[in-house]
Structure formats: C-alpha cells, structure tokens
Engineer: 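Would you mind keeping the following structure in view while I ask a few things?
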Amino acid sequence: MALVPINRLTPSTWNPRSIREHNFEALRASVREDPVLLWHRPILAMRSGEVYGGNQRLRAAIAEGFTEIPAIIEDVSPD
C-alpha cells in the first residue's frame with residue numbers, strides 16, 4: 001500500500017454500486033474529519049489505475065480536494 005496521486009486513478013465504468021446523496025455527504029465528512037479512515041480502507045486498483053474497490057471513497061476524496069490517496073495497486077484480471 002502506498003500514497004498514490006489521485007489523478008492516476010480512474011473509477012471503473014462497470015461498478016454497479018451507487019450512493020445516495022446524503023450518504024455521500026456523510027462519507028465526505030468522514031474522509032474530511034478522519035483521513036486515517038482511508039489507510040484502513042484503501043482504494044484497490046489495477047495497474048492501469050482503474051479502481052475496482054473504493055470508487056465512492058475515491059469520489060469523496062476528490063470532492064474534498066485530496067491530491068493523494070492510500071491505494072493498493074495490483075495485477076488483477078479485468079475479468
């Protein structure tokens with residue numbers, strides 16, 4: 001796990017998860033008030049930068065102005 005520049009990561013287009021606006025705002029507040037949360041629940045991404053775990057946390061971090069985020073980058077088959 002390492003700090004990864006946010007602009008290196010892209011949300012997956014195939015992620016079926018969504019989040020209601022009030023829940024997203026609560027997630028933003030959690031990330032803002034306790035950024036250590038992201039070290040306990042890092043973003044999971046393929047070497048291409050496509051995120052397969054943590055798309056909503058990534059969105060929240062972007063919305064909060066983060067430039068880096070804890071992530072695990074792995075060789076994972078897109079299948």
Engineer: Is there a side chain to side chain contact (heavy atoms under 4.5 Å, CB included) between N23 and L27? Walk through the geometry before answering.
Structural biologist: CA-CA 6 Å; N23 290 338; L27 178 59; over 6 Å; no

Engineer: Apply side chain to side chain contact (heavy atoms under 4.5 Å, CB included) to the pair V4 and I43, showing each step before the final yes or no.
Structural biologist: CA-CA 9 Å; V4 174; I43 302 302; over 6 Å; no

Engineer: What I'd like to find out is whether the side chain of P70 reaches to under 4.5 Å of the side chain of L3, using heavy atoms alone.
Structural biologist: yes

Engineer: What salt bridge (Lys or Arg N to Asp or Glu O under 4.0 Å) pairs are there with at least one residue in residues 38-49, not counting sequence neighbours?
Structural biologist: R47-D75

Engineer: Say you draw a straight line from CD of E74 to OH of Y52; how long is it, rounded to the nearest 0.5 Å?
Structural biologist: 3.5 Å

Engineer: Taking side chain as C-beta onward, heavy atoms only, is T10 less than 4.5 Å from L58?
Structural biologist: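 No, their side chains stay 4.5 Å or more apart.
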
Engineer: Let me confirm one number: the CD-OG distance from E25 to S30, rounded to the nearest 0.5 Å.
Structural biologist: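 Taking CD in E25 and OG in S30, the distance rounds to 11.0 Å.
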
Engineer: Using a 3.5 Å distance criterion without hydrogens, assess whether the side chain of R57 forms a donor-acceptor pair with backbone atoms of P42.
Structural biologist: yes

Engineer: For residues F24 and A60, report the shortest heavy-atom separation together with the two atoms involved.
Structural biologist: CE1-N, 3.6 Å

Engineer: Quick one, I72 and L44 - any side-chain contact, counting heavy atoms below 4.5 Å?
Structural biologist: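 In contact.
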
Engineer: Looking at I6 and F66, what are the two nearest heavy atoms and their distance?
Structural biologist: CD1-O, 3.4 Å

Engineer: Could you see if M46 belongs to whatever hydrophobic cluster contains I69? Use Ile, Leu, Val, Met, Phe, Trp, Tyr and a side-chain cutoff under 4.5 Å.
Structural biologist: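 No; tracing contacts between hydrophobic side chains, which count when under 4.5 Å, never links both residues.
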
Engineer: Indicate the atoms forming the closest heavy-atom contact of N55 with V51, along with that distance.
Structural biologist: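 Looking at all heavy atoms of both residues, the shortest contact is ND2-O, 3.6 Å.
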
Engineer: If I take atom CD from residue E33 and atom CD from residue E64, how far apart are they, to the nearest 0.5 angstrom?
Structural biologist: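 Output value for this atom pair is 9.0 Å.
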
